Student: 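Pasting a structure below so you can have a look.
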Amino acid sequence: MSTEPMLSEKLKQQIRDAQQQLKMALPNYHNRPGQNKLIAEMANIVAGHYHRHDRIGLVEAGTGTGKSLAYLLATLPVALARQKKLVIATATVALQEQLINKDLPFFREHSAIEFEYNLVKGRSRYACIERLKQQLVQPDLLTSSERNQFALLETLYQAWQQRSWLGDKDTLPVAVDDTLWQSISADPYHCTKHDKRHHNCPFHLARAEIADAQLLVVNHSLLLADLASGNAVLPAPEDCIYVIDEAHHLPACGRDYFAAFAQLSQPQLWLDKLGQLASQLIQTLPETSLKDLLKLDDSRNELLGLLQPVERSLSEWQNRWFTETAQTDYRFEHAALPKLWQQQAEPIASCAQKTLTLLDKISTAVGEVALTASKRKSQTKLLQELSQLAQKLEQQHALWQLYAQPQAEPAYQARWVVRDHQQHVTAHACPLSVANTLEQLLFSQAYACILCSATLTVLNSFDHIKFELGLTAHTGLQTVRVDSPFAYQQNGVIVLPKMQNEPTASGYTDELISLLPKYLPSQQASLVLFASYWQMQQVAEALRKTGLSLLVQGEASRQALLSLHRENCQHNKTSILFGTQSFSEGLDLPGKLLTNLVITKLPFAVPTSPLEAAMSEAVTRKGGNPFVQLAIPATARKLVQACGRLLRQEQDQGRIVILDRRLVSKSYGKAMLDTLPPFQRQIDY
């Protein structure tokens, strides 16, 4: 195995040869200096050219630079030569599908590099075929509504037997609702590797293939889950070269993953259920499990004793927290919990963990008993109930573990409670930053790591993302920026029309309604992006009254709307799409599918969520300005992504109309305009 920290001549030649082969296979390919720079820089980073140990790079690659092919060419030969796994993590399903269905098959066919690749998904994305068979053998286990879906299950089983279905949620041959999917999906309780009957379940087959693949594609959540669990699925970080695509999503995805919530109301209901199940199991489990069952019952009682004072405190506190009838959440300022909760946090967390460990042992024993045909029917139902109770214990453990962490000044967690319409209270905790966690689990351990995206810089600087990811102290960190090769100046224009109202004014929506038709040309494809769903619906309603035909997000599935839009464009009809934030990223409408993009207003997020409010509070406590440090960078990035919808290929042309005068009237406006691609500008005064 090579230990050299540089790119050998042999490796350089392999990369050059592979690139040459790909060029010949790509229709109308022409040499792109930007892509060559990306390949050279990324290969040097992962090979250790800049730093022998700290092989880490932040890479911003503009639209059209051929980023996916570039990182495959740069990293795969190095990974194969050094016997490392190449792990590519994406944030969206769309990019995952593009890699698996298009980029990787093409790359393997034409690069002359031999490798196996695999898509790795979480356990719950797979069906357990044994569970599915169980439902078919015993339809009496189904509720009446599920009985109606018996035919669906038969279809699935036949599709699996004929190998026309891979046994996962993403290739389902028929639509299956969440309840039915949960009744057949794989979980550690039903679908264990120790049981021979499950060896051919889709999840275990998929995991077995991982060992043979040199390249694995995952999503950000699975990557984080695996790192947190001590590498249950992927190899250890020191044996991996990571390419984290769409890396601007990683901080938020990390916060989501390491957040926790648990219901505080009525703990007795589910803990009593656990007690009843334990009593029931004394009859069916062998004597060897008796000790564990008694311990489980003690532990369950102890947990109830710890959770009940918390529940009682709710009746005292609720009236102070939820002062208005419509109020659904209450945030603890500076993450300061009620004193009783602080005292209970550590004991609850450890007791929940202890109970969970015992429950796991019991479930394994139940699974073994379920192997005998006579007991199978009752045990399947039992396993389902145990699995649901285990989930509740996991939630309590995760929440109180976060609540047990002391909060410094300013706090580094957001903590809040939510009350639903049944008056049940759920408590939440979420870290404000995952920088330290990512450093410990990933960056300090990985053999090499490339983080890339079309939008990594904020206001032309890498500082914001370095801070969010916790990379400021990495001495070997390299930053690479390659602009898009598109001729923005020739092919596009940004128009800022003259307006009476700024978006914060009360007359803005009315002005939008009167002004918009002027900027929706006939026989062209338009996409109008809104910052609020409510405003989009108001404008759509008013414009339809004038006779305009619109395709509005939410009125049909995204796929259905885009199909209608494509059909309109093929027949040279006027086609107008209305969408909110989710349409401003990951939407690919090349050529005549989009020639006119309208952005109604700058996508500032209203800091209404408890997490955003806590982040603002932390910045203020440090003497900072949340608007400058959080709101402006986030909005600038979203604006760049939104503008990235217009030109998708080099020959594309069109215009962007921005109906928000704050780009010229506010001090931050010029900096935001300057982060956009260098389109021609037409600002009306």
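Worth saying up front: this structure is predicted, and the values here are computed from it rather than measured.
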Student: Using a 4.5 Å cut-off on heavy atoms from C-beta on, say whether the side chain of Val628 contacts that of Val619.
Tutor: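 No; the side chains remain at least 4.5 Å from each other.
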Student: Taking all non-hydrogen atoms of both residues, which atom of His198 and which atom of His204 are closest, and how far apart?
Tutor: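 Smallest interatomic distance, heavy atoms only, reads O-CD2, 3.3 Å.
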Student: Applying side-chain contact (heavy atoms from CB on, under 4.5 Å) between Ile362 and each of Leu382, Leu277, Leu281, report the one that passes.
Tutor: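 Of all the options given, the one that passes is Leu281.
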Student: Please say whether more than 12 non-hydrogen atoms of neighbouring residues, nucleotides or ligands are located less than 6.0 Å from CG in Asp170.
Tutor: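 Atom CG in Asp170 is crowded, with more than 12 foreign heavy atoms closer than 6.0 Å.
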Student: Say you draw a straight line from CG of Leu223 to CG of Leu250; how long is it, rounded to the nearest 0.5 Å?
Tutor: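 With rounding to 0.5 Å, CG (Leu223) is 7.5 Å from CG (Leu250).
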Student: Where is the tightest heavy-atom contact between Ala435 and Ser433, given as atom of each residue plus distance?
Tutor: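 Residues Ala435 and Ser433, closest heavy atoms: N-OG, 3.1 Å.
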Student: Could you tell me the separation between the CG atom of Leu95 and the NE2 atom of His249, rounded to the nearest 0.5 Å?
Tutor: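 NE2 of His249 is found 10.0 Å from CG of Leu95.
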Student: Tell me yes or no: between the side chains of Glu246 and Thr92, is some donor less than 3.5 Å from an acceptor?
Tutor: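 Present: a donor and an acceptor within the cut-off.
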Student: Please walk me through it: do Thr580 and Gln553 pass side-chain hydrogen bond (donor to acceptor under 3.5 Å, both in side chains)?
Tutor: CA-CA 7 Å; Thr580 57; Gln553 181 187 352; 2.9 Å; yes
Student: Under 4.5 Å between any side-chain heavy atoms of Leu359 and Leu274, yes or no?
Tutor: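 In contact.
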Student: Any side-chain to backbone donor/acceptor pair from Arg131 onto Gln182? Under 3.5 Å, distance only.
Tutor: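 Looks like yes, one N/O pair under 3.5 Å.
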Student: With rounding to the nearest 0.5 Å, note down the distance linking CG in Leu337 to CD in Gln343.
Tutor: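 Answer rounded to 0.5 Å: 11.5 Å.
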Student: Are Ile348 and Cys351 side-chain neighbours, meaning at least one heavy-atom pair lies under 4.5 Å?
Tutor: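 No, their side chains stay 4.5 Å or more apart.
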Student: Between the side chains of Arg125 and Asp168, is the shortest nitrogen-to-carboxylate-oxygen separation below 4.0 Å, so that they form an ion pair?
Tutor: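 Answer for the salt bridge query: no.
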Student: Determine whether a donor-acceptor pair (N or O, by modelled atom type, separation under 3.5 Å) exists between the side chain of Gln413 and the backbone of Leu402.
Tutor: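 It does hold such a pair.
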Student: Would a distance-only check, ignoring hydrogens and angles, find a side-chain to backbone donor-acceptor pair under 3.5 Å from Gln263 to Val425?
Tutor: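 It does not hold such a pair.
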Student: Side chain to side chain contact (heavy atoms under 4.5 Å, CB included) for Ile244 and Leu442? Distances and angles first, verdict last.
Tutor: CA-CA 11 Å; Ile244 297 176; Leu442 179 63; 3.8 Å; yes
Student: If you compare all heavy atoms of Asn219 against all heavy atoms of Gln96, which two are closest, and at what distance to 0.1 Å?
Tutor: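 Scanning both residues completely, I find the closest heavy atoms to be N-NE2, 3.2 Å.
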Student: Would Glu617 and Arg331 count as a side chain to side chain contact (heavy atoms under 4.5 Å, CB included) here? Give the steps.
Tutor: CA-CA 11 Å; Glu617 180 182 78; Arg331 184 177 66 85; 3.2 Å; yes
Student: If you measure from CG on Leu227 to CG on Leu234, what distance do you get to the nearest 0.5 Å?
Tutor: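 The CG atom of Leu227 sits 7.5 Å away from the CG atom of Leu234.
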Student: Do the side-chain N and O atoms of His397 and Gln353 include a donor-acceptor pair separated by under 3.5 angstrom?
Tutor: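 Their side chains do contain a donor-acceptor pair, which is all the 3.5 Å distance test asks for.
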Student: Please walk me through it: do Phe443 and Tyr242 pass ring-ring contact (aromatic ring centres under 6.0 Å, His included)?
Tutor: CA-CA 10 Å; Phe443 301 134; Tyr242 297 94; 9.0 Å; no
Student: Please check if the side chain of Gln395 supplies one atom and the backbone of Ala260 the other of a donor-acceptor pair under 3.5 Å.
Tutor: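 Side chain of Gln395 to backbone of Ala260, a donor-acceptor pair under 3.5 Å: no, none is there.
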Student: Strictly distance-based, threshold 3.5 Å: is any side-chain N or O of Trp416 a donor or acceptor partner for the main-chain N or O of Ser609?
Tutor: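 No; zero donor-acceptor contacts below 3.5 Å.
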Student: Please determine whether side chain to side chain contact (heavy atoms under 4.5 Å, CB included) holds for the pair Lys169 and Lys121, giving the CA-CA distance in whole Å, both sets of side-chain angles, and the decisive distance to 0.1 Å.
Tutor: CA-CA 10 Å; Lys169 200 174 181 177; Lys121 291 186 280 204; over 6 Å; no
Student: For Phe467, look at atom CZ and say whether over 12 heavy atoms of other residues, nucleotides or ligands are found less than 6.0 Å away.
Tutor: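 12 or below, so no.
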Student: Quick one: does any side-chain atom of Thr323 pair with a main-chain N or O of Arg320 as donor and acceptor, under 3.5 Å?
Tutor: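 Pair absent, no side-chain N/O of Thr323 close to backbone of Arg320.
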Student: Taking the side chain as every heavy atom from C-beta outward, state whether Gln407 and Gln342 have any atom pair closer than 4.5 Å.
Tutor: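 A side-chain contact is absent here, since even the closest heavy-atom pair is not under 4.5 Å.
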Student: Quick one: do Asp420 and Thr328 satisfy side chain to side chain contact (heavy atoms under 4.5 Å, CB included)? Show the steps, please.
Tutor: CA-CA 7 Å; Asp420 67 16; Thr328 55; over 6 Å; no
Student: Is it true that the side chains of Asp187 and Ser387 contain a donor and an acceptor less than 3.5 Å apart?
Tutor: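 Distance-only check passes for Asp187 and Ser387.
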Student: Could you check whether Glu302 pairs with Lys354 (Lys NZ or Arg NE/NH1/NH2 to Asp/Glu carboxylate O, under 4.0 Å)?
Tutor: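 Result for this pair is yes, salt bridge flagged.
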Student: For the atom pair CD1 (Ile129) and CG (Leu205), what is the distance rounded to the nearest 0.5 Å?
Tutor: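 The distance works out to 9.0 Å.
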Student: Assess whether a salt bridge exists between Arg419 and Asp329, defined as any Lys/Arg side-chain N lying under 4.0 Å from an Asp/Glu carboxylate O.
Tutor: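 The answer is no: the pair does not qualify as a salt bridge.
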Student: I'd like to know whether CZ of Phe261 has more than 12 heavy-atom contacts from other residues, nucleotides or ligands below 6.0 angstrom.
Tutor: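 At most 12 heavy atoms, drawn from other residues, nucleotides or ligands, come within 6.0 Å of this atom.
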Student: Please report the closest heavy-atom contact between Leu303 and Ala352, naming both atoms and the distance.
Tutor: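 Closest heavy-atom pair between Leu303 and Ala352: CD1-N, 4.1 Å.
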Student: Mind checking whether Val310 and Trp400 have side chains closer than 4.5 Å, heavy atoms only?
Tutor: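 The answer is yes; the side chains approach within 4.5 Å.
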Student: Below 4.5 Å, heavy atoms only, C-beta onward: do Ser584 and Pro603 meet side chain to side chain?
Tutor: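 When only atoms from C-beta onward are counted, Pro603 and Ser584 do not touch, as no gap falls below 4.5 Å.
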Student: Over all heavy atoms of both residues, which pair between Ser265 and Glu311 is shortest? Give the atoms and the distance, please.
Tutor: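 Shortest heavy-atom separation between Ser265 and Glu311 comes out as C-OE2, 4.1 Å.
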Student: I'd like to check Leu264 versus Thr426 (side-chain heavy atoms, cut-off strictly below 4.5 Å). Are they in contact?
Tutor: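 Contact flag for Leu264/Thr426 side chains = no.
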Student: Please check this pair: side chain of Ser616 against backbone of Glu612, looking for a donor-acceptor N/O pair closer than 3.5 Å.
Tutor: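 A pair under 3.5 Å: yes.
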Student: With a 6.0 Å cut-off on the ring centroids, do Trp160 and Tyr157 count as close?
Tutor: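 Ring centroids of Trp160 and Tyr157 are no less than 6.0 Å from each other.
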Student: Is it true that Lys291 and Glu287 have a side-chain N and a carboxylate O under 4.0 angstrom from each other?
Tutor: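 Salt bridge between Lys291 and Glu287, a charged N being under 4.0 Å from a carboxylate O: no.
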Student: Ignoring hydrogens and angles, tell me if any N or O in the side chain of Ser444 forms a donor-acceptor pair with the backbone of Glu439 under 3.5 Å.
Tutor: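 Checking the backbone N and O of Glu439 against the side chain of Ser444, a donor-acceptor pair under 3.5 Å is found.
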Student: Can you tell me how far OG of Ser289 sits from CG of Leu294, rounded to the nearest 0.5 angstrom?
Tutor: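 Here the rounded value is 11.0 Å.
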Student: Are any of the side-chain nitrogens in Lys295 or Asp298 under 4.0 Å away from the carboxylate oxygens of its partner?
Tutor: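 No.
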Student: If I compare all heavy atoms of Ala335 with all of Ala411, which pair ends up nearest, and what's the gap?
Tutor: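 In this case the closest contact between Ala335 and Ala411 is CB-CB, 3.7 Å.
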Student: Taking C-beta and beyond as the side chain, do Arg415 and His428 meet within less than 4.5 Å on heavy atoms?
Tutor: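 No. Closest side-chain heavy atoms not under 4.5 Å.
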Student: Ring centroids only, cut at 6.0 angstrom: are Tyr403 and Phe332 within range, meaning strictly under it?
Tutor: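 So the answer is no for these two rings.
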